[in-house]
Colleague: 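One structure coming up, written as structure tokens, with questions to follow.
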2 protein chains.
Amino acid sequence: MEPSSPEVAAAPTLPAESGLHARVLEHLGTAICGGELAPGSVLNIDELVDRYAVSRSVVREVLRVLASIGFIEARRRVGVMIRPASAWNVFDPQVIRWRLASAGRMAQLRSITELRTAVEPHAAYLAASRIGRDEASDLVGLAAKMWAAGEAGDEERFLHLDIEFHRRVLVASGNEMFVRLQELVAEVLTGRHKHHLMPHHPHEQALQMHADVAQAIQRRDGERARRAMVQLMEQAFDEMKSLWEQTALPDRSKAE
Amino acid sequence: MEPSSPEVAAAPTLPAESGLHARVLEHLGTAICGGELAPGSVLNIDELVDRYAVSRSVVREVLRVLASIGFIEARRRVGVMIRPASAWNVFDPQVIRWRLASAGRMAQLRSITELRTAVEPHAAYLAASRIGRDEASDLVGLAAKMWAAGEAGDEERFLHLDIEFHRRVLVASGNEMFVRLQELVAEVLTGRHKHHLMPHHPHEQALQMHADVAQAIQRRDGERARRAMVQLMEQAFDEMKSLWEQTALPDRSKAE
DNA sequence: TTGATGCAAATGATATGATCTTTGAGTGGA
DNA sequence: TCCACTCAAAGATCATATCATTTGCATCAA
């Protein structure tokens, strides 16, 4: 009966979860992030029930989730009010996804990149004193593989290795909050790739710096690891900067 | 030693919201954070309906929220499974609160302090190039007030000024994610105060460093601002370290 | 014996309608 | 003018019913 549905649709960052709840949540979340529902505007439950043709249960459960990430506030006799961006839980992975998919993409990218710039050097510093022998070896090996992939011009492979490298450094930092940032970093890196902002042949410098970071960590030289990571971040930041300078021509946004 | 400022008692971290939803959410969240509900264990909805004597709707809405912060996963035919800590949304303010109130308090404090150590210097650096003239003046004034409060030995006032100082630096950084970290910083600082880990007379050094940070930012010397903040963080980190080294066992102030 | 097949119970997902509670706004008297 | 009271709108909660999916297990064929 049904046309053979190809299960190829494995979207990594877009689960496209089935189910009414996920569908409505996705739609409302996107709308709020995208500014289609402006802060201060008011919804009401029955209206949503009609609009999405789902039951009150579904709508209420979605609203509870949205409330928990600071998107809305439900008040009796008034309705459901959209809250300003300053109230949002900007660290919620779901919010990150929505923002990266919205018009505020560049702002989101900038924020996360700055966060990386702040955190990763310290993570490298901590990793130097906390990493295990085997992990350290793996890290050095990973940097070597990155070098190989870079030389070979294998972008795809380089991207994956890059993400894995930074993930391992964050993991080795021994701080679970840093680890959690890894998924944000991954979003940024893949985003950068999608927008073709990776040099086809990664800079020689970057390759060397990854190797430096890995080696410094293995030698337990926290200061050197930190400095090397700082350089790496500076370069990544510069690449990003050219990105949002070229893309955000008319946009002098950031209305607080 | 009741301070004579009554309206300050607006407990920002203990909303104690009335309402069934909040009550059940609070209880389950605490239980999961505290390890009373171990990862892998399974609940089912009807059981919860009975245990809390609330309706299905309330339970389901709570479960949706818990699922959105990675605490649980609902699977048909199985029940509601508690997920491991690695899946938690450790940046969710609510999660932070729960963890700070649980046995994992020290680990949480350590994580956030490390995060501060990483972020605040960079925030100071960014603030130096982004802050407005008036904001900069205010910041310097704030540092001066801190000095006065420190000299006077007014702990309470010093704490509030300290929190405000760091908040303004994070705000001035122009990065909304940094701003969001402010509430975590506030938790840490007030927590430190509650546990009597503030020196009654703040170190002369710390006072000077706050002044240095403020001045460097005003003069738009990002590098100097960063270095000063690094020193501040190092000192704060040392104080914290003595904290979680001393409280291997004793602290049991689980009071509300 | 073993593996595929299919049924049915368990359990979450969704729907529906009713009742309770809070609260903004209108109303009227002092 | 201003305060207290009333009413109704809208969310909060409840109770119940039905739908949909997963999975254990029994059945049956090779």
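Keep in mind that what you see is a predicted model, and the values were worked out from it rather than measured. Letters go in sequence order (proteins before strands), and every chain restarts at 1.
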Colleague: Which is the 5'-most and which the 3'-most nucleotide of DNA chain D that has an atom under 4.0 Å from a heavy atom of chain A?
Modeller: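 Extent of the interface on DNA chain D: D:dA8 to D:dT13.
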
Colleague: Report yes if at least one side-chain N or O of A:S55 is closer than 4.0 Å to OP1 or OP2 of C:dT14; otherwise report no.
Modeller: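 A:S55 to C:dT14 OP1/OP2: no side-chain N or O under 4.0 Å.
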
Colleague: Checking B:D92 now: which residues fulfil salt bridge (Lys or Arg N to Asp or Glu O under 4.0 Å) with it, not counting sequence neighbours?
Modeller: none

Colleague: Closest-nucleotide mapping onto DNA chain D: is A:S57 or A:V80 further toward the 5' terminus? I mean the 5' end.
Modeller: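 Taking each residue's closest nucleotide, the earlier one in sequence belongs to A:V80.
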
Colleague: For a quick test of reading the model, state the closest non-hydrogen atom pair linking B:Q108 to B:V95 and the distance between them.
Modeller: OE1-O, 4.5 Å

Colleague: Let me have a per-nucleotide readout for nucleotides 17-26 of chain C, 5' to 3', with B, S or -, counting only protein heavy atoms under 4.0 Å.
Modeller: BB--BB-BS-

Colleague: Can you pull the ring-ring contact (aromatic ring centres under 6.0 Å, His included) pairs that have at least one residue in residues 20-43 of chain B, sequence neighbours excluded?
Modeller: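 Matches after skipping sequence neighbours: B:H27-B:Y52.
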
Colleague: Do any pairs count as a side-chain hydrogen bond (donor to acceptor under 3.5 Å, both in side chains) and have a residue in residues 73-85 of chain A, sequence neighbours left out, and if so which ones?
Modeller: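 Passing the test, one end in residues 73-85 of chain A: no pairs.
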
Colleague: Got a sec? Which of residues 38-53 of chain A come in under 4.0 Å of DNA chain D, heavy atoms?
Modeller: A:L43, A:N44, A:I45

Colleague: Please, which pairs that meet side-chain hydrogen bond (donor to acceptor under 3.5 Å, both in side chains) have at least one residue in residues 171-182 of chain A, sequence neighbours excluded?
Modeller: A:N175-B:E114, A:E176-B:R99, A:E176-B:S111

Colleague: Test of understanding: with ring-ring contact (aromatic ring centres under 6.0 Å, His included), list the residues that count as partners of A:F71, not counting sequence neighbours.
Modeller: A:W88, A:W98

Colleague: Would you check if B:L100 and B:L109 make a side-chain contact, meaning some heavy-atom pair closer than 4.5 Å?
Modeller: yes

Colleague: Taking DNA chain D as the partner, which of residues 60-73 of chain B come within under 4.0 angstrom of it by heavy atom?
Modeller: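 Close to the strand, none.
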
Colleague: Between B:E26 and B:R97, does any side-chain N to carboxylate O distance fall below 4.0 Å?
Modeller: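 B:R97 and B:E26: salt-bridged.
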
Colleague: Write down the atom of B:H122, the atom of A:A118, and the distance for their closest heavy-atom approach.
Modeller: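 Reported closest heavy-atom pair: CB-CB, 3.5 Å.
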
Colleague: Holding to side-chain contact (heavy atoms from CB on, under 4.5 Å), I want the full list of residues that pass it with B:S57, two or more places apart in sequence or in another chain.
Modeller: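 Here the qualifying residues are B:S55, B:E61.
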
Colleague: Could you pull out all residues at least two apart from B:E183 that satisfy side-chain hydrogen bond (donor to acceptor under 3.5 Å, both in side chains)?
Modeller: none

Colleague: Applying side-chain hydrogen bond (donor to acceptor under 3.5 Å, both in side chains), can you list everything that pairs with B:R51, at least two apart in sequence or on another chain?
Modeller: B:E47

Colleague: May I ask you to decide if A:L37's main-chain N or O and A:S41's side chain share a donor-acceptor pair within less than 3.5 Å?
Modeller: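 Absent.
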
